[in-house]
Undergrad: 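Pasting a structure below so you can have a look.
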Amino acid sequence: MKTAQQLAAELVRPEIRAINAYHVAPATGLIKLDAMENPYRLPEAVRAELGRALADVAINRYPDASGAVVKTALRDTATLGIDARHALILGNGSDELIQIVATTLAKPGATMLAVEPSFVMYKANAMLAQMRYAGVPLRADFTLDTDAVLAAIGREKPALVFLAYPNNPTGNLFPLADIERIVAAAPGLVVIDEAYHPFAQVSFADVLDAHPNAIVMRTLSKLGLAGIRLGYAFGDPAWIAEFDKTRPPYNLNSLTQATALIVLRHADMLNEQAARLRRDRDALIESLRAMEGVEPFPSAANFVLTRVADANATFARMKGAGVLVKNLHGWHPLLSNCLRLSVGTPDENAAMLQALQPAA
Ligand SMILES: *Cc1c(COP(=O)(O)O)cnc(C)c1O
């Protein structure tokens, strides 16, 4: 009889055999500034309200499969700017929406295109969906090489393009006019990933109606609800209707839906936290600029990509000092000696700067 290990080696897709499971660094006891989480917890009164609401959820029943009430709450949240003409789809995090969109468009031979470095889950989902993948490098300063992207679009004719606006892990906001040129030139669907919308204060949603081959994708994760896993995308109902066929039934659990309803009632509080994080991000960039041998890049997100002399050594020293950030050295040639620093509370940011400062 074959062992499970032998059977797995024989039966599992070779490209899956070749990769590792997504690694999340253990953070116990460390100041956690590696994952763009909102450092602020909900106020006591909101937590109490949430406790009462969650106690009432009928978890013996399947959740509302369409998430209708959550969609209404998102539409009613004025700062999100979701137009009544656009349909909405909800995902178990926007990670799931990336998978749904890729799966839906993955005809045999279809190509996904993204810039690099960008969010790693785009390429990962191209592989999972068995799409071809084309990556177009950013310039060395992480600005968008629009001509290179347009040339690649002409060459590859991608069925699907992902553009993060602002981009992760670089933090910068590509010019809207350039994104519109790319969308206009693309023969396929372009997903504008606005995971950092609360910190960017600009949105492709404003011009979405002019672009029938684009949709906007967002998440509540970076706004302060990473734990509930709620992403959403909106655009022309013709797109959303197709994605709804690929979406697993009941992908949004009842506790997530109930939590979103309560917290979205307090959207003002989350927006104030985002405003605070934007101010603290700008202060952090100023402090980094003043440091010898440290080069922060512009950010419209809640993190700052920063080049240091020796990222591996700096990362290890910071971790030794109790501060966990993201070491991107080795991820992509353009990211050599780069660390990604999430913006935390003022105290956390001070501790991070202290740990980062090279010994005199
Ligand atoms: C964090 C992030 C996501 C994923 O967010 P989830 O909703 O937590 O899955 C998607 N896109 C970008 C660019 C991100 O940085």
Side-chain angles (χ1 to χ4, degrees), residues 21-25 32-39 67 70 74 80 88-103 112-126 128 135 138 142 144 160-174 179 190-200 202-205 214-234 243 247-248 251-253 256-257 259-260 263-264 270 274 277 281 297 299-305 325-326 328 331-332 335 338 340-343:
Y22 189 86
H23 174 71
V24 177
K32 192 172 185 315
L33 296 170
D34 66 331
M36 286 78 84
E37 293 144 327
N38 178 339
V70 174
L74 288 168
L80 299 180
L88 264 170
I89 182 171
L90 307 178
N92 188 0
S94 49
D95 277 348
E96 186 183 49
L97 294 172
I98 296 169
Q99 187 174 354
I100 287 171
V101 171
T103 305
M112 176 197 293
L113 183 142
V115 297
E116 292 187 342
S118 189
F119 190 47
V120 291
M121 295 313 289
Y122 306 148
K123 188 178 182 179
N125 276 289
L128 289 177
L138 297 172
F142 305 119
L144 185 66
L160 178 58
V161 176
F162 279 100
L163 280 174
Y165 180 69
N167 191 37
N168 172 17
T170 58
N172 56 327
L173 205 53
F174 304 138
I179 294 187
V190 182
V191 179
I192 309 297
D193 181 350
E194 298 190 347
Y196 299 95
H197 172 250
F199 312 102
V202 292
S203 176
F204 193 84
I215 63 168
V216 172
M217 187 177 80
R218 296 193 193 139
T219 174
L220 297 187
S221 293
K222 310 316 176 357
L223 185 59
L225 298 172
I228 72 168
R229 311 303 297 128
L230 178 55
Y232 62 97
F234 57 94
F243 299 139
R247 184 175 61 85
N251 63 328
L252 230 61
N253 75 74
T256 289
Q257 296 194 35
T259 304
V263 181
L264 284 171
L270 293 177
L277 290 165
R281 167 196 70 205
F297 291 91
S299 173
N302 62 339
F303 62 88
V304 181
L305 184 74
V325 298
K326 188 83 175 177
L328 297 174
W331 275 43
H332 187 277
L335 291 171
C338 284
R340 188 183 61 196
L341 316 174
S342 299
V343 181

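Ligands are counted one by one from 1 in listed order, and the atoms in each one are counted from 1 as well. Below, each value reflects all heavy atoms present in this structure, side chains not excepted, and no hydrogens, waters or symmetry copies.
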Undergrad: Establish, yes or no, whether a centroid distance under 6.0 Å links the rings of Y196 and F303.
TA: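 Ring centroids of Y196 and F303 are less than 6.0 Å from each other.
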
Undergrad: Tell me the protein heavy atom at minimum distance from atom 13 (C) of ligand 1, and give that distance in Å.
TA: D193 OD2, 3.3 Å

Undergrad: Looking at G93, which atoms of ligand 1 are within less than 4.0 Å of one of its heavy atoms?
TA: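 So the atoms of ligand 1 that pass are 7 (O), 9 (O).
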
Undergrad: By number and element, which atoms of ligand 1 are closer than 4.0 Å to a non-hydrogen atom of D95?
TA: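 Near D95, meaning under 4.0 Å from one of its heavy atoms, ligand 1 has 4 (C), 9 (O).
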
Undergrad: Stepwise, does the side chain to side chain contact (heavy atoms under 4.5 Å, CB included) test hold for V202 with L173?
TA: CA-CA 9 Å; V202 292; L173 205 53; 3.6 Å; yes

Undergrad: Considering heavy atoms of the protein only, find what lies nearest to atom 15 (O) of ligand 1 and give residue, atom and distance to 0.1 Å.
TA: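 Here the nearest protein heavy atom works out to Y196 OH, 2.6 Å.
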
Undergrad: Return yes when E96 approaches ligand 1 closer than 4.0 angstrom through a heavy atom, no otherwise.
TA: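 It does not; every heavy atom stays at 4.0 Å or beyond.
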
Undergrad: N/O to N/O below 3.5 Å, does that happen between T219 and ligand 1?
TA: yes

Undergrad: Applying side-chain hydrogen bond (donor to acceptor under 3.5 Å, both in side chains), name anything that partners N38, two or more places apart in sequence or on another chain.
TA: Q273

Undergrad: Using the rule given for side chain to side chain donor-acceptor pair (under 3.5 Å), can you reason through N253 versus R229, listing the C-alpha separation, both sets of side-chain angles and the distance that settles it, and then say yes or no?
TA: CA-CA 9 Å; N253 75 74; R229 311 303 297 128; over 6 Å; no

Undergrad: Just which atoms of ligand 1 are under 4.0 Å from any heavy atom in S221?
TA: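 By the 4.0 Å cutoff, the relevant atoms are 6 (P), 7 (O), 8 (O).
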
Undergrad: What I want to check is whether the side chains of R218 and S203 have a donor and an acceptor closer together than 3.5 Å.
TA: yes

Undergrad: At what distance is the nearest protein heavy atom to atom 9 (O) of ligand 1, and which residue and atom is it?
TA: R229 NH2, 2.8 Å

Undergrad: Just to check, does G231 reach to within less than 4.0 Å of ligand 1 when the distance is taken from its heavy atoms?
TA: no

Undergrad: Start with the C-alpha distance between S342 and E37, add both sets of side-chain angles, then the distance that settles side chain to side chain donor-acceptor pair (under 3.5 Å), and finish with yes or no.
TA: CA-CA 8 Å; S342 299; E37 293 144 327; over 6 Å; no

Undergrad: Report yes or no: does a heavy atom of K222 sit under 4.0 Å from some atom of ligand 1?
TA: yes

Undergrad: Taking the six-membered ring for Trp, are F142 and F297 closer than 6.0 Å centroid to centroid?
TA: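 Between F297 and F142, which both carry aromatic rings, the centre distance is below 6.0 Å.
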
Undergrad: Applying salt bridge (charged side-chain N to carboxylate O under 4.0 Å, His left out) as the test, list every pair that has at least one member in residues 160-170; sequence neighbours left out.
TA: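 Those involving residues 160-170 do not exist here.
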
Undergrad: Please list the nearest protein heavy atom to atom 4 (C) of ligand 1 with its residue and the distance rounded to 0.1 Å.
TA: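 I find the closest protein heavy atom is S94 OG, 3.3 Å.
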
Undergrad: Closer than 4.0 Å to some heavy atom of N168 - which atoms of ligand 1 meet that?
TA: 13 (C), 14 (C), 15 (O)

